[in-house]
Amino acid sequence: MKTNYILAFESSCDDTSVAVVDTEYKVYSNLISSQPNHLEFGGILPELASRLHMKNIMYLTSAALQEAKVDLDDIQAIAVSINPGLIGSLIVGLSFAKSLAWSRNLPLITVNHMLSHIFSNYLVHPNIKAPFLALVVSGGHTELVYFRTETEFEIVGKTLDDAAGETFDKTAKLMHLGFPGGPIIDRLAVGGDPSFFQFPRALKQKDNFNFSYSGVKTAMLQYIRSIDDEYLQEHQADIAASIQAAIVEPLIKKTVRWARLHNVENILLAGGVAANSALRSGLTTHANKYGINAYFPSLKLCMDNAAMVAAAAIPKFNQGLFASLDVNAFSTKGTKLI
Amino acid sequence: MFKKIDLLSEQDTIDLAAFVTPLLKPGDVLCLYGELGSGKTFFTKQVGKFLSINEEIDSPSFVLFKEYNSGRVPLYHLDLYRLRSEEELLDLGIFDMIENGITAIEWPELAENLLPSTTLKLRFHYDGYDRWVVVEPDPSLAEFFE
């Protein structure tokens, strides 16, 4: 049988990534430009990011093809994420993908960045079958998505204010830690006491599957003002463990509760915060108690990468759902999700 | 002119949004100043409600810019925290579209020289105990805050 190769692009935020994946979810290359230039600013610099995308994308494309040992003649389709994200960054990836699709006369497949995170699980576990419940948690997203089939889904819960990853970043900033906050808090929290300080858990009602983190942020602000620097230094691990618990606990409880209520047997975790060790272990333990399987991607696939864009494009490739070349990128979630 | 308004409860912030929203017309800009956790996004959510927007208004910090078109007029919600220069802001192209709707900008310092004349500046404060806001209206809106 002929192998169908998909060349995929991801540029919705700070990383440019190019991947070659076949329609059996096998990854041949998945190159990510890590952009350490961002660290000195304590955040992602949007325009800087889109300029770097322009610089990186050509080189990464050649390198990805080379690593996969294929050339453009072998490629059957071009996949790219078009929303949501930083608009300038998205446009770089989309313009490049469109140009390639046009010049090589290949079908273009557009995917939603948030949903493509979910499909990164297929690269590790290609035999997962819908229905499943997915929890997407990153700097820009906290969404609970139920997939009836691989292309029919419904958002059943989401954050009403800040995303989980954003809460890690903002509370880490209040604690005078670096960026990004998630990995730093995760590391510091090892050995800390998660019950050291009780940060609030919002929307605790049993039938509420939305999330809210602005109260957690405010509580951290109040708490930091009530202690001095010396105390903060001394109890850094305990405070990190406590804030991590306040962010992660509602994610675990609500996800498993929804799955139990609706007899869903598989939970897929995805997005940058899926790399958090407390979330991974807590979700597995809690889900397994009720006979529910919890899947998550490898650590590399938790971050923004193009292989997941290819993975999300595979069901569309199989169904011939191609985009026209006048498609636009957009920054918000929009109505057309896949 | 400046007017200080105490925000003793969430309801006070909701009432402030209820008062402010009808004063705004397409092209107007709300500048929302204040530290992390001072209530800028909460206020914007309330403005959205009074514009009959039925989408969930969440934090724009990550993507810088979100637009909501389900209400009486479009609402544009920006967070300029991560931008470093006016040039970067102009590159985003948002000034081409904000004429069509009401714009709420968090961390607006960088945009001050680029904004249209009709703006309402709201400085949110939170000292760990009390919340208050200092309102600085454009002259055309001043009479409503006397």
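Order of the sequence lines sets the chain letters (A, B, ...), proteins ahead of strands, with each chain counted from 1.
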Would the number of heavy atoms belonging to other residues, nucleotides or ligands and lying under 6.0 Å from [atom1] of [X] be above 12?
X: Q11(B); atom1: CD; value: yes
X: E109(B); atom1: CD; value: yes
X: E112(B); atom1: CD; value: yes

Legend entry - Nearest atoms (heavy-atom pairs only) where T159(A) meets E56(B):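 Smallest interatomic distance, heavy atoms only, reads O-CG, 4.2 Å.
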Legend entry - Set of residues satisfying side-chain contact (heavy atoms from CB on, under 4.5 Å) with respect to K25(B), sequence neighbours excluded: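 Checked K25(B) against side-chain contact (heavy atoms from CB on, under 4.5 Å); matches are D28(B), T118(B).
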Inset, instruction - Could you pull out all residues at least two apart from D130(B) that satisfy side-chain contact (heavy atoms from CB on, under 4.5 Å)? - result: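 Partners of D130(B) under the side-chain contact (heavy atoms from CB on, under 4.5 Å) test: D127(B), W132(B).
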Counting C-beta onward and ignoring hydrogens, is there a side-chain heavy-atom pair between [X] and [Y] closer than 4.5 Å?
X: D161(A); Y: F42(B); value: no
X: S214(A); Y: K45(B); value: no
X: R131(B); Y: T218(A); value: yes

Inset, instruction - To the nearest 0.5 angstrom, please state how far the CG atom of D58(B) sits from the NE2 atom of H141(A). - result: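 Rounded to the nearest 0.5 Å, the CG-NE2 separation comes to 9.5 Å.
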Inset, instruction - With rounding to the nearest 0.5 Å, note down the distance linking CG in L36(B) to CD1 in I224(A). - result: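 One gets 12.0 Å once the value is rounded to the nearest 0.5 Å.
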Inset, instruction - Examine whether an atom of K217(A) lies under 4.5 Å from a heavy atom of chain B, and if so say whether it belongs to the side chain, the backbone or both; otherwise answer neither. - result: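 Interface part for K217(A): side chain.
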Inset, instruction - Pick one of side chain, backbone, both or neither for L221(A), based on which atoms fall under 4.5 Å of a heavy atom in chain B. - result: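 When you check distances to chain B, only side chain atoms of L221(A) fall under 4.5 Å.
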Legend entry - Among S38(B), S59(B), G39(B), residue most engaged with chain A (heavy-atom pairs, under 4.5 Å):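 Between S38(B), S59(B), G39(B), the count favours S59(B).
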Legend entry - Modelled atom types, side-chain donor and acceptor of Y129(B) and Q222(A), under 3.5 Å: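 No - no donor-acceptor pair under 3.5 Å links their side chains.
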